[in-house]
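Data block below; observations after.
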Amino acid sequence: MLRIIIAQLRHRTGRSVAVVSAVMLATTGFCVLTGATTASRLQAVGVVQANYRSAYDILVRPAGARGELETRQGLVRPNFLSGQFGGLSVDQWRTIQAVEGVDIAAPVAMVGYVSVDLGLPVDLTDKVDRRLRQQLLRLSPETVADRGLTRVSGTPAFVYVTRNRLIPVRDFVNDRQVHVYADGTELSADYVSQRCPAASQPPLEVLSDGRRELVCDWLRDDSRSPVSHAVRAYQLTDDGTFRDATVLTRGRALPVMQRLVVRQPAHFSLLAAAVDPDQEARLSGLNRAMTSGRYLNADERPQSSGGEHPVPRVPMLATDRLVSDEQIAVAISALPEPGLVRAGTDRQPDLARIVVDAGTALPPEQRPLGTVWTDWLTSTTARGGTIDIHDMVTVASPSYDWDGGALRVRPADPPQRLRTAADTERFSPLAADTALRAIGDDTRAEQEVLVEGTVVGALDPLAVTRGRELTGAPMETFVPPRVSGADQRSSSALGGQDLLPTSSITGYVAAPPQLLTNLASLPELLRGADAGRAESPLSAVRVRVAGIDRFDAVGRERVRVVAEEITARTGLDVDIVLGSSATREMLILPAGKYGRPPLTVHEMWTEKGVAAVLVRAVDRKSSVLLGMVLITCVLFVGNAVSAAVRDRRRELAVLACQGWPAHRLAALILGEAGLLGALAGVAAGLLTVPVATAVGIEVPWSRVAVALGVAIALTLVAAVVPALRAGGAYPAAALQPAVAAVGARAGTQRTILRMAVTGARRVPGRTALAAVSLAIAVAALTFAVAVDFTFQGRIIGTVLGDGVSLTVREIDRVTVVGLVVFSVAAVADVLYLGVRERATEFAVLQATGWSDGALVRMVSLEGLVIGMLGGVAGGGIALGAMSLFAGGITPAMLLVAAGTAGFGVLLAATAGLLPAVLVRHMPARHLAAE
């Protein structure tokens, strides 16, 4: 038998070389691709290793802190701590620290929003008309936010400038309820309040005729009105300087001002939080983010301010910037009747007229809120300034409703605990806008000063988060949320920019804490809060597990064990955030009261556990590619061996007639295939390493043995069916053409298309093999094109996914091209064999008048039929694979699948051109001779 095998290989050199070449190319491609898929997996894990870990691995929060979305989908909204005030005790934190395997346990306690009025300096020197005896300027503030979409008008204030003498209040005598002026004049409180209902310390103006009238320092409609308008009175002296008379002098002389600079109220709110300085420094490197002053000391206790009314002073760090586009604009008008702010013996100021009088517009003043904060902070850190903390509120987390594929932010109840418009404006004029966060139950407003925050240093929050763009759980203590327009309308409304946090306590986009103190200061800051807050002041504990240097099974198991132990000891909500990543969520924000339209935005949320999913996704992608190569190799080699068997059917029939049993005929075919596979395996082994090196893949020389085994296995598997078919047929049947009978009635095959369909059905197994080969090539091509173009070369859906490149590499493209070439060759081979086996039929058609062009069209249409079968099947296979890979099917995927399926059909039709041309050049007598 061996001699017969060798003789067959020698006498059928063309077919043998074709089979060896096909197996060699397929095996080489398989071996190189296995190295490529291994490299792809290592690359993906490497990127995950670099980015899977944020500053902490475990997040511990109060029991019941998880929201509905987090419980159901594993999604955590950004700055979730801005709505979590208290819930964990210091003892629970100490318990977490004591758990074996905990390296860092950094607590954070959200204290509340503090109202601040730093005052916006407005220089009116050049706006004063020195030719006038008296002048009244109206300052109308407006807060502009949300990229200019929101404009909230504030309460106008007034500046009264006179050349007449102003007499300030020296003191107020409580037991007699009288105002005592600098010249000794005494006016009863009743007299003053009757003429100036909201007065505090109104100066007296000495008019040119000697009369004295009060200049009301506060104006309101009546004693019950919640809104008061401030009036500052200045005396313009002959030397051109100004003296502020709206002060309580206590016997001191009025300060001389070279320039008339008034401080317009600039109310906004700052979120305060407490941390453990030592643990925070280890976790986030907060101590390295200092830009001025000093870092916090964990053991530093609040100190008394001293004086007549001592209050505790707590050390605080302040962020050196406010992440906000908020602006404070002040429109300035010169009013025609300045005397309307004065009150005589028989009249009161006419507030209605001076509020609505248009006056003469003067150049306005406008400054970003951030610069006001920066200027104040610069001077504060130099002189140890303080922030009075007497108004403080907490807010709840936003609520959401599902609206199709987006989350609609649910409006909250108006902040009733801030009883008046003045209360709301004290925290920020924007707090009166549509509320998207509810005010908490432990609001403390309109109380005496409880604490003074002493700013001991400033820090740059960006220095804490820099370099963590792809990390999992965000450093929400320092990072503002990322919110951007999700559709054209919203993006245009925002000017193509992000929607930034504002100073509003009820707005959606929450700023991170701008004031940080130590845990030792919490008792003073929470004085007056409910007992539960005082006992459990911490909002969360961020845990970093020791010994984690890789994202592998051992590291994940260590984190799991620590998380379970914390849960068992504390009963708190414990989340493993190792391997988390940011993902975009679509939100719908309702319209505001002050001009902002409804907005559809994207916000970066945290999805827990993304890194592990990505590793599995990369494994699936490698498996899909490897499976395609294996199946295509088997089909191509099987087609080649089947062609060789069909070409030798007469010879096999003669051997069967001479008494060869079926198993021996099958062994003959398998022996020939095995020998060809061995030759191809040796050649593939020699080519594998050089080819892999050329395309940048590391493949060891041990892969030569793998190539030999793969080549022999492929040819033997592919030859099994042809061998069984050769050994299982009767000798006489082996002499018949290997075509199936087509049950068509005479006279029905009159068109070229019907003849082509009939030709494709004659040998259904062979047609199916060509169609399947083409389907796999189309599927591989669809997958490659989708990854390159539809997915933009990356997994879409998470930021960590953006870091794991799924771009089809050069070796993948070479493999796909090889698959396409193999499939085209298979289709061409099937059509060519069909032409040779139907030689008599073609001769009859030519003899009966069929033109060569008709025969060419018929063969090409047979290729088109195979192409339609393979193209549709391949597109479906590709869609299924991409659905597993990407988690769903998008319209873009459907378009790519349709395009590549059409391309496959075109390839199959093109593959029929070569057999068709051969038919055209074969005379009828040669065809008949077949």
Audit row: Leu407, Asp401, side chain to side chain contact (heavy atoms under 4.5 Å, CB included) steps and yes/no
CA-CA 6 Å; Leu407 294 173; Asp401 295 313; over 6 Å; no
Mind running side chain to side chain contact (heavy atoms under 4.5 Å, CB included) on Leu522 and Val111 for me, showing each step along the way?
CA-CA 8 Å; Leu522 275 178; Val111 177; 3.9 Å; yes
Side chain to side chain contact (heavy atoms under 4.5 Å, CB included) evaluation trace for Leu500 with Thr502
CA-CA 7 Å; Leu500 297 180; Thr502 68; over 6 Å; no
Before giving the answer on side chain to side chain contact (heavy atoms under 4.5 Å, CB included), spell out for Tyr508 and Thr434 the whole-Å C-alpha distance, their side-chain angles and the decisive distance to 0.1 Å.
CA-CA 10 Å; Tyr508 177 76; Thr434 301; over 6 Å; no
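When atom types are taken as modelled, the side chain of Thr517 and the backbone of Met316 share no donor-acceptor pair closer than 3.5 angstrom. Between the side chain of Trp93 and the backbone N or O of Ala105, at least one donor-acceptor pair lies under 3.5 Å. Of the possible donor and acceptor atoms, one in the side chain of Arg558 sits under 3.5 Å from a partner among the backbone N and O of Gly547. No side-chain donor-acceptor contact under 3.5 Å links Glu603 to the backbone of Val601. Judged by distance alone, with hydrogens and angles left aside, the side-chain atoms of Tyr295 form a donor-acceptor pair with the main-chain N or O of Pro277 at under 3.5 Å. In this structure, the side chain of Thr371 engages the main chain of Pro368 through a donor-acceptor pair within 3.5 Å. Judged by distance alone, with hydrogens and angles left aside, the side-chain atoms of Asp276 form no donor-acceptor pair with the main-chain N or O of Ala106 at under 3.5 Å. Side-chain atoms of Ser490 never come within 3.5 Å of backbone atoms of Ala486 as a donor-acceptor pair (strictly under, hydrogens ignored). No donor-acceptor pair closer than 3.5 Å links the side chain of Glu524 to the backbone N or O of Arg313. Ser539 places a side-chain N or O within donor-acceptor distance of the main-chain N or O of Gln84, the cut-off being under 3.5 Å.
More than 12 heavy-atom neighbours from other residues, nucleotides or ligands sit within 6.0 angstrom of CZ on Arg294. Around atom CZ of Arg482, no more than 12 heavy atoms belonging to other residues, nucleotides or ligands sit under 6.0 Å away.
The two residues Pro62 and Leu572 have their closest heavy-atom pair at CA-CD2, 4.1 Å. Nearest approach of Pro537 to Ser89, heavy atoms of both residues: CD-CA, 4.4 Å. Across Ala272 and Val114, no two heavy atoms sit closer than the pair CB-CG2, 4.2 Å. Shown here for Ala540 and Leu81, the closest heavy-atom pair between the two residues is CB-CD2, 3.6 Å. Taking each heavy atom of Asp320 and Trp373 in turn, the nearest pair found is C-NE1, 4.3 Å. Counting all heavy atoms, side chain and backbone alike, Thr394 lies closest to Gly112 at CG2-CA, 4.4 Å.
In summary, the side chains of Ser504 and Thr506 do present a donor paired with an acceptor at a separation below 3.5 Å, with no hydrogens or angles considered. The closest side-chain donor-acceptor pair between Gln497 and Arg147 falls under 3.5 angstrom. Side-chain contact, Arg77 with Ser397: a donor N or O sits under 3.5 Å from an acceptor N or O. With hydrogens and angles left out, the side-chain atoms of Asn518 and Ser521 include a donor and acceptor closer than 3.5 Å. Between the side chains of Glu452 and Ser305, no donor N or O sits under 3.5 Å from an acceptor N or O.
Contact check for Pro501 versus Val509: side-chain heavy atoms found under the 4.5 Å cut-off. A 4.5 Å side-chain heavy-atom check between Leu88 and Ser536 finds every atom pair outside the cut-off. Val543 has its side chain within reach of Val60: a pair of non-hydrogen atoms, C-beta onward, lies under 4.5 Å apart. Between Val455 and Thr386 there is no side-chain heavy-atom pair separated by less than 4.5 Å. Arg527 places none of its side-chain heavy atoms less than 4.5 Å from the side chain of Leu525. A 4.5 Å side-chain heavy-atom check between Tyr113 and Leu270 finds every atom pair outside the cut-off.
With sequence neighbours excluded, the residues satisfying salt bridge (Lys or Arg N to Asp or Glu O under 4.0 Å) with Asp103 are Arg282. A search for salt bridge (Lys or Arg N to Asp or Glu O under 4.0 Å) contacts involving Glu535 returns nothing, not counting sequence neighbours. Applying the salt bridge (Lys or Arg N to Asp or Glu O under 4.0 Å) rule to Arg66 yields the partners Asp573, Asp575; only residues at least two apart in sequence or on another chain are considered.
The pair Arg542-Glu280 meets the salt-bridge criterion, with a side-chain N (NZ, NE, NH1 or NH2) lying under 4.0 Å from an Asp/Glu carboxylate O. Electrostatic pairing of Arg288 and Asp460 does not count as a salt bridge here, judged by no charged N lying under 4.0 Å from a carboxylate O.
Residues Tyr400 and Trp605 bring their aromatic ring centres within 6.0 Å.
The structure places CG of Leu430 at 8.5 Å from OG of Ser324, a figure rounded to the nearest 0.5 Å. In this structure, CG on Leu578 lies 12.0 Å from OH on Tyr56, to the nearest 0.5 angstrom.
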